[in-house]
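For the single chain, residues carry numbers from 1 onward in sequence order. No hydrogens, no waters, no symmetry mates; every other heavy atom, side chains included, goes into these values. Here the structure is a predicted model, which means the values were calculated and not measured.
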Amino acid sequence: MDPAAYEALIRELEPAACPFAPAILSGCAGCSLAERRRVAEGERVTCSSPGQRDRCLLLRAHLREHSAFALGIPDPAQPLPHAKALRMVCGGLGGLAGVVGSGTADIRRLVDLLLEHNPGFEGLPWAQMMRSVSALPGRGRR
């Protein structure tokens with residue numbers, strides 16, 4: 001694939017990119033709305049529902065805000081290294097499953113269950129959820 005075609009395809013897929021793609025690609029979560037797409041030698045995950053994607057973007061923003069301390073990030077605005085971003089999404093989704101009392105790893109189902117009982121993401125027991133982020137082991141040094 002030539003570089004121009006690759007860049008054009010990435011720009012085309014970006015508006016539908018799944019906010020939890022690292023969790024889906026690593027296997028710690030799944031989503032019934034996720035669509036995997038092969039792009040050159042890599043793989044991208046897109047969402048088939050724009051409304052659900054917006055809710056997931058909001059959840060990820062809250063996870064990012066609340067997980068800074070658990071990940072040892074002094075400045076919450078700084079970009080996360082890949083390993084810490086993976087700990088944030090996998091641990092955060094695990095914590096969310098614990099909060100809603102569900103054993104499911106389906107992100108759409110978790111968000112739906114959560115929003116059935118809460119009007120939004122602000123009132124969640126974030127401290128309890130962040131224990132799951134802290135509990136995930138880091139990759140360690142190579």
Side-chain angles (χ1 to χ4, degrees), residues 1 3 5-142:
M1 175 177 269
Y6 176 79
E7 290 298 322
L9 184 56
I10 294 299
R11 278 193 301 276
E12 179 185 322
L13 293 176
E14 190 59 34
C18 175
F20 292 104
I24 292 170
L25 291 173
S26 72
C28 73
C31 184
S32 56
L33 299 173
E35 296 176 349
R36 291 174 176 241
R37 306 231 177 148
R38 301 285 303 164
V39 178
E41 286 114 23
E43 193 170 17
R44 299 285 174 155
V45 179
T46 59
C47 183
S48 61
S49 171
Q52 182 68 32
R53 181 179 181 273
D54 292 342
R55 294 179 356 180
C56 286
L57 281 169
L58 185 59
L59 175 59
R60 184 180 166 110
H62 281 283
L63 280 173
R64 175 73 169 94
E65 176 186 336
H66 291 280
S67 65
F69 180 77
L71 294 172
I73 305 291
D75 180 12
Q78 83 181 53
L80 287 178
H82 175 73
K84 288 191 179 195
L86 193 57
R87 283 180 62 202
M88 176 190 74
V89 293
C90 290
L93 291 170
L96 179 60
V99 165
V100 298
S102 171
T104 185
D106 187 312
I107 299 166
R108 182 201 56 82
R109 179 83 175 119
L110 284 173
V111 172
D112 288 347
L113 284 171
L114 174 70
L115 294 177
E116 280 179 11
H117 304 290
N118 298 304
F121 300 116
E122 292 78 21
L124 292 177
W126 288 104
Q128 177 185 346
M129 290 172 59
M130 291 305 107
R131 288 188 198 113
S132 296
V133 173
S134 297
L136 277 182
R139 183 174 72 184
R141 296 205 178 259
R142 289 185 177 194

What's the verdict on side-chain contact (heavy atoms from CB on, under 4.5 Å) for R60 and F20, showing C-alpha distance, side-chain angles and the deciding distance?
-> CA-CA 8 Å; R60 184 180 166 110; F20 292 104; 4.0 Å; yes
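- A 4.5 Å side-chain heavy-atom check between L93 and C28 finds every atom pair outside the cut-off.
- Here the closest heavy-atom approach between residue L115 and residue G120 is recorded as CD2-CA, 4.0 Å.
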Determine, step by step, whether W126 and E65 satisfy the side-chain contact (heavy atoms from CB on, under 4.5 Å) criterion, reporting the C-alpha distance in whole Å, the side-chain angles of both residues, the deciding distance to 0.1 Å, and the verdict.
-> CA-CA 10 Å; W126 288 104; E65 176 186 336; over 6 Å; no
Given the rule in the side-chain contact (heavy atoms from CB on, under 4.5 Å) test, do D112 and R55 qualify, once you have shown the distances and angles that lead to the verdict?
-> CA-CA 10 Å; D112 288 347; R55 294 179 356 180; 2.2 Å; yes
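- Between the CD atom of E14 and the OG1 atom of T46 there is a distance of 11.0 Å, given to the nearest 0.5 Å.
- Contact record, V133 with G91: CG2-C, 3.7 Å, taken as the closest heavy-atom pair.
- Here CG of L114 is found 7.5 Å from CG of L59. Values are rounded to the nearest 0.5 Å.
- Within the model, atoms OG of S134 and CG of L71 stand 7.5 Å from one another, a figure rounded to the nearest 0.5 Å.
- R36 contributes a side-chain N or O that, together with a main-chain N or O of I24, makes up a donor-acceptor pair within less than 3.5 Å.
- Remark: side-chain polar atoms of R87 are paired, donor with acceptor, to backbone N or O of L136 under 3.5 angstrom.
- In this structure, SG on C18 lies 5.5 Å from CD1 on I107, to the nearest 0.5 angstrom.
- L96 is not listed as a side-chain neighbour of F121, based on a closest heavy-atom distance of 4.5 Å or more.
- To the nearest 0.5 Å, atom CG of residue L63 and atom CG of residue L124 are 9.0 Å apart.
- Closest heavy-atom contact between A85 and L80: CA-CD1, 3.9 Å.
- In terms of modelled atom types and a separation under 3.5 Å, the side chain of R53 and the main chain of A17 share a donor-acceptor contact.
- Among all heavy-atom pairs drawn from A34 and V45, the shortest one is CB-CG1, 3.8 Å.
- Residues E122 and H62 form a side-chain contact, since some pair of their non-hydrogen atoms from C-beta on lies under 4.5 Å apart.
- The minimum heavy-atom distance linking S49 with L33 is given by the pair CB-CD1, 3.8 Å.
- Between M130 and A70, the shortest heavy-atom contact is O-CB, 4.0 Å.
- Cysteines C56 and C47: SG-SG separation is not under 2.5 Å.
- No donor-acceptor distance shorter than 3.5 angstrom exists from the side chain of D106 to the backbone of C31, with no hydrogens or angles considered.
- Here the straight-line distance linking atom CZ of R64 with atom CE of M88 works out to 6.5 Å at 0.5 Å rounding.
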